[in-house]
Amino acid sequence: MTADDSFGRLDDDDYPAYTMGRAAEMLNTTQGFLRAIGEARLITPLRSAGGHRRYSRYQLRIAARARELVDGGTPIEAACRIVILEDQLEEAQRINAEHHRGTKPPGMPTSA
């Protein structure tokens with residue numbers, strides 16, 4: 001991938017554009033926190049060719065929510081579970097809203 005190819009993907013929420021150091025700085029947290037939520041399987045950063053962790057904007061939003069819960073006194077494992085459940089609820093609500101509008105969500109089979 002050339003620099004020009006990478007530049008075009010900066011608007012992509014899933015593009016792993018941020019190093020661990022930059023991600024920790026942006027979230028005002030530690031690299032250890034990012035490792036911990038990775039170990040808890042809240043987010044799985046992509047790895048560069050050299051093995052370094054890279055984070056997307058979407059992953060940073062999830063990490064920021066977990067950090068907010070931890071800062072409020074929630075244990076990290078519980079915070080990760082809460083964020084996962086919030087994400088699942090949001091997806092279920094989106095599917096439900098599409099169903100009520102009469103549209104079929106992507107990947108859902110049509111009824112017989």
Side-chain angles (χ1 to χ4, degrees):
M1 178 181 296
T2 67
D4 289 338
D5 294 337
S6 296
F7 183 72
R9 298 193 61 192
L10 290 178
D11 289 335
D12 182 352
D13 254 5
D14 295 318
Y15 181 66
Y18 303 97
T19 63
M20 177 180 268
R22 181 66 180 131
E25 181 182 306
M26 291 170 67
L27 297 173
N28 195 29
T29 193
T30 65
Q31 293 182 17
F33 175 78
L34 292 174
R35 282 188 205 93
I37 62 174
E39 289 170 10
R41 299 188 189 274
L42 177 61
I43 59 175
T44 304
L46 292 169
R47 297 284 183 149
S48 69
H52 300 282
R53 291 172 178 90
R54 301 285 182 179
Y55 298 88
S56 68
R57 289 191 313 212
Y58 173 73
Q59 290 172 323
L60 294 183
R61 284 195 301 273
I62 290 172
R65 175 64 180 134
R67 181 82 248 173
E68 180 181 301
L69 291 167
V70 169
D71 287 349
T74 305
I76 195 162
E77 296 83 12
C80 290
R81 185 68 181 141
I82 289 168
V83 173
I84 289 167
L85 291 169
E86 287 174 342
D87 193 50
Q88 290 172 345
L89 175 60
E90 184 179 320
E91 176 68 7
Q93 288 173 331
R94 183 191 63 76
I95 290 169
N96 191 34
E98 288 176 0
H99 175 72
H100 285 293
R101 284 193 305 267
T103 61
K104 180 179 77 71
M108 297 291 292
T110 56
S111 57

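The first residue of the sequence shown is numbered 1, and numbering continues consecutively from there. Everything numeric in this text was worked out from a predicted model, so none of it was measured.
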Trainee: Within the 4.5 Å heavy-atom criterion, are Gln88 and Leu85 side-chain neighbours or not?
Mentor: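 A side-chain contact under 4.5 Å exists here.
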Trainee: If you group Ile, Leu, Val, Met, Phe, Trp and Tyr by side-chain heavy-atom gaps below 4.5 Å, do Tyr18 and Leu46 land in one group?
Mentor: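 Result: no, two separate clusters.
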Trainee: Could you pull out the closest heavy-atom pair between Arg65 and Val83, with the gap in Å?
Mentor: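 Arg65 and Val83 have their closest heavy atoms at CG-CG2, 3.6 Å.
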Trainee: Determine, stepwise, if the pair Ile82 / Thr74 fulfils side chain to side chain contact (heavy atoms under 4.5 Å, CB included).
Mentor: CA-CA 10 Å; Ile82 289 168; Thr74 305; 4.1 Å; yes
Trainee: Restricting to non-hydrogen atoms, name the atom on Leu27 and the atom on Leu60 that form the minimum distance, rounded to 0.1 Å.
Mentor: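 It is CD2-O, 3.6 Å.
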Trainee: If you take all heavy atoms of Arg54 and Pro45, which pair is closest and at what distance?
Mentor: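 Closest heavy-atom pair between Arg54 and Pro45: O-CB, 3.4 Å.
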Trainee: Of Thr29, Thr44, Ile43, which meets side chain to side chain contact (heavy atoms under 4.5 Å, CB included) against Ile37?
Mentor: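 Considering Thr29, Thr44, Ile43, a side chain to side chain contact (heavy atoms under 4.5 Å, CB included) with Ile37 is found only for Ile43.
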Trainee: Among His99, Glu98, His100, which residue meets the side chain to side chain donor-acceptor pair (under 3.5 Å) test with Asn96?
Mentor: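 The residue from His99, Glu98, His100 that satisfies side chain to side chain donor-acceptor pair (under 3.5 Å) with Asn96 turns out to be His100.
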Trainee: In this structure, are over 12 heavy atoms from other groups packed under 6.0 Å from Glu90 atom CD?
Mentor: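 Atom CD in Glu90 is not packed in, count stays at 12 or less.
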Trainee: Just to verify, what does Leu89 make a side chain to side chain contact (heavy atoms under 4.5 Å, CB included) with, not counting sequence neighbours?
Mentor: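 Per chain and number, Leu89 pairs via side chain to side chain contact (heavy atoms under 4.5 Å, CB included) with Gln93.
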Trainee: Identify, with sequence neighbours excluded, every residue that meets side-chain hydrogen bond (donor to acceptor under 3.5 Å, both in side chains) alongside Glu91.
Mentor: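 Result, side-chain hydrogen bond (donor to acceptor under 3.5 Å, both in side chains) vs Glu91: Arg94.
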Trainee: Within this structure, what is the CZ-CZ distance for the pair Arg57 and Arg61, rounded to the nearest 0.5 Å?
Mentor: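 Arg57 CZ to Arg61 CZ: 7.0 Å, rounded to 0.5 Å.
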Trainee: Heavy atoms only: give me the nearest Phe33-Val70 pair and the separation to one decimal.
Mentor: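 Scanning both residues, the minimum pair turns out to be CE1-CG2, 4.1 Å.
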Trainee: Show me the pairs that pass salt bridge (charged side-chain N to carboxylate O under 4.0 Å, His left out) and involve residues 21-44, at least two apart or across chains.
Mentor: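 Found Arg22-Glu25.
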Trainee: Are any non-hydrogen side-chain atoms of Leu34 and Arg53 less than 4.5 angstrom apart?
Mentor: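 Sidechains of Arg53 and Leu34: no contact.
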Trainee: For the residue pair Leu42 and Ala66, what are the closest heavy atoms and their distance?
Mentor: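 Here Leu42 and Ala66 meet closest at CD2-CB, 3.7 Å.
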Trainee: Nearest heavy-atom pair of Asp13 and Ser56: which atoms, and what distance?
Mentor: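 Here Asp13 and Ser56 meet closest at O-CB, 3.2 Å.
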